[in-house]
There are 2 protein chains.
Amino acid sequence: MNCKACQNSASCIIALFNKNEQENAMKYMTNYKYKKGKAIFYEGLDSESFLTIKKGIVKLVRNESNNCQILRFAKAGDPIGYRSLITHDVHSTSAIPLTDTTVCSFPKNVFLDELNYNIALTDKMLQLVANDLKHTDALLVHLTHKTAIKRIAKALLNIADIFGLNEETKMLNTSFSRYDISCIASVSTESCIRMLSELKSKGIIDLINRSIKIIDKKQLELISSSE
Amino acid sequence: MNCKACQNSASCIIALFNKNEQENAMKYMTNYKYKKGKAIFYEGLDSESFLTIKKGIVKLVRNESNNCQILRFAKAGDPIGYRSLITHDVHSTSAIPLTDTTVCSFPKNVFLDELNYNIALTDKMLQLVANDLKHTDALLVHLTHKTAIKRIAKALLNIADIFGLNEETKMLNTSFSRYDISCIASVSTESCIRMLSELKSKGIIDLINRSIKIIDKKQLELISSSE
DNA sequence: AAGATAATATGATATAAATCATATTGTAAA
DNA sequence: TTTACAATATGATTTATATCATATTATCTT
């Protein structure tokens, strides 16, 4: 329960707090555990805390017209839900764990007070948000102007990039349901399954039980980026 | 050519600079004029300056697979191209004037040096980027999960919101080509035209010569937000 | 004022992808 | 180890929207 002993401390944003405030933050820090699928926060609800992921994998999603869209992921060491704190706004996404997840929670004012005068922290947040924006801009254009097969190819590459690919087996380290992949790629689940079958039939991926093997990453890149 | 005399000075980001640096910034400021349609910067190119719009309207677009996507707009008083400066990155969008435009340009280091130690400036940029992210998140979900007519309805509302609606005539203050509207809504130009005709036939808008009259804004909102 | 040109409009057709239907398989629980 | 259920798979059909084709109109030029 102490930040100093935490394995994420090297990359943790709390490390940017001024010494005294760091101690203070630790004092007010609470850990929460969430089962896979159990929301950490919902879009539209008030943002009450500054949260970082201690352990686990989380998808940040929005629901629209009975559809789900995954906007980004977060994993151990990543903060989540900070955009709404910064603009004093409600959450614009829901955070749903893909695995059992532990979260470090700090009262929002501990964060906001520090943000007021700690330029290293403010700059770090600026970098984070600017990177999110860069990715969302790119994602938006990709999803709106590329065909389903290209979106699925990119979804697989993203999963491999973020969560890793087993060097030996070439299997995705984290297993995603077809439904989750369809929510990354903005495609119906059935279409997603069809696209995966198509990629399999071309020898680019393999579907083993319910997990995915990336046989030909180059080819996936070619497909996802082709005009 | 002096910031003090500028009509945008009240909202201009340069006003957040420390006194000395403000004087310095003004010294290095250059105005550039761009004709309608002539790019201010292109996606993929290095970001060399901190830019604000003195006069005019600019679309921030990305080209993908021979298609154009408008991600946001900027008008007098707005900075543009700052995301890439912040992450020391190439521009991720192109900036194309929709009207003849004048830009204030500051060497990037004048901006970045100040950003290093001016927390008011850093915080302002954080607010700007966080707002951009909020809008892009929402746009992404809207474009990927709503039908064309809903996207067109929203595009019209956005134009009205950002550039205003003449109180008396209910005409959009800024005239956009059907092509530009199609690039906001991620729809083909022909489909855009059909959707506008449909909205006209329902008495929600009117098409007078080449400009658009918003007759029933409520209805547009209903359409754009319906499931 | 007439003509040229680009923008707008509309019809016909093609196509990608959603939806609906049903079958099969993997996994977890009894 | 069998059963049950959810996840995956695949086929048939529908639908939205892009594309292609052509016509009409507005605006600008001379």
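All figures in this text were calculated on a predicted structure; none of them were measured in a lab. Below, each value reflects all heavy atoms present in this structure, side chains not excepted, and no hydrogens, waters or symmetry copies. Proteins come first, then strands; the chains are lettered A, B, ... in the order of their sequence lines, and each starts at number 1.
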Fill in the blank from the handout: By nearest-nucleotide position on DNA chain C, the 5'-leaning member of M195(A) and E190(B) is E190(B)
Completion exercise
Rounded to whole Å, CG of L207(A) lies from C1' of dT27(C) at a distance of 17 Å
Exercise for the section: Quick one: list whatever passes side-chain contact (heavy atoms from CB on, under 4.5 Å) with I215(B), sequence neighbours left out. Expected result: D206(B), K213(B)
Exercise for the section: May I ask you to list the residues of residues 173-184 of chain A, by number, that have any heavy atom positioned under 4.0 Å from an atom of DNA chain C? Expected result: none
Practice task
Classify the side-chain pair S65(A)/H145(B) by whether it contains a donor and acceptor separated by less than 3.5 Å.
Solution key: no
Practice task
Have a look at L196(A) and say if it touches a base, only the backbone sugar-phosphate, or nothing, with a 4.0 Å heavy-atom cut-off.
Solution key: nothing
Problem - Spacing of I149(B) atom CD1 relative to dA18(D) atom C1', expressed in whole Å - result: 16 Å
Problem - Under-4.0 Å side-chain N/O to phosphate OP1/OP2 contact, T189(A) with dA7(D) - result: no
Problem - Nearest-neighbour nucleotide for the S191(A) side chain, dA12(D), dA17(C), dT8(D) considered - result: dA17(C)
Exercise for the section: Could you please name the option among dG11(D), dT8(D), dT8(C) that lies closest to any side-chain atom of R210(B)? Expected result: dT8(C)
Handout entry: Rounded distance in Å - CZ (R194(A)) to C1' (dT15(C))
Key = 15 Å
Problem - Contact under 4.0 Å: N209(A) side-chain N or O vs dT25(C) OP1/OP2 - result: no
Problem - Phosphate-side-chain proximity, T147(B) and dA16(D), N/O vs OP1/OP2 below 4.0 Å - result: no
Exercise for the section: Verify the ring-centre separation between F111(A) and Y82(A): is it less than 6.0 angstrom? Expected result: no
Problem - Partner residues of D78(A) under the salt bridge (charged side-chain N to carboxylate O under 4.0 Å, His left out) criterion, sequence neighbours left out - result: none
Exercise for the section: Report the nucleotide, chosen from dT17(D), dT10(D), dT27(C), that has the shortest atom-to-atom distance to any side-chain atom of A148(B). Expected result: dT17(D)
Problem - Test: D100(B) and K35(B) ion pair at under 4.0 Å - result: yes
Handout entry: Output field: ring centroids F176(A)/F73(A) closer than 6.0 Å
Key = yes
Practice task
Check the distance between dA6(D)'s P and I193(A)'s CD1 and give it to me in whole angstrom.
Solution key: 16 Å
Exercise for the section: Specify the separation, in whole Å, of atom CD1 of I208(A) and atom P of dA9(D). Expected result: 12 Å
Handout entry: Nucleotide dT10(D), atom P - distance to CG of L199(A) in whole Å
Key = 13 Å
Practice task
May I have the distance from E198(A) (atom CD) to dG11(D) (atom C1'), rounded to whole angstrom?
Solution key: 16 Å
Practice task
Check each of R62(B), R72(B), R83(B) against D137(A) using the salt bridge (Lys or Arg N to Asp or Glu O under 4.0 Å) test, and report the only one that passes.
Solution key: R72(B)
Problem - Distance in angstrom units between N67(A) CG and dA17(C) P, rounded - result: 15 Å
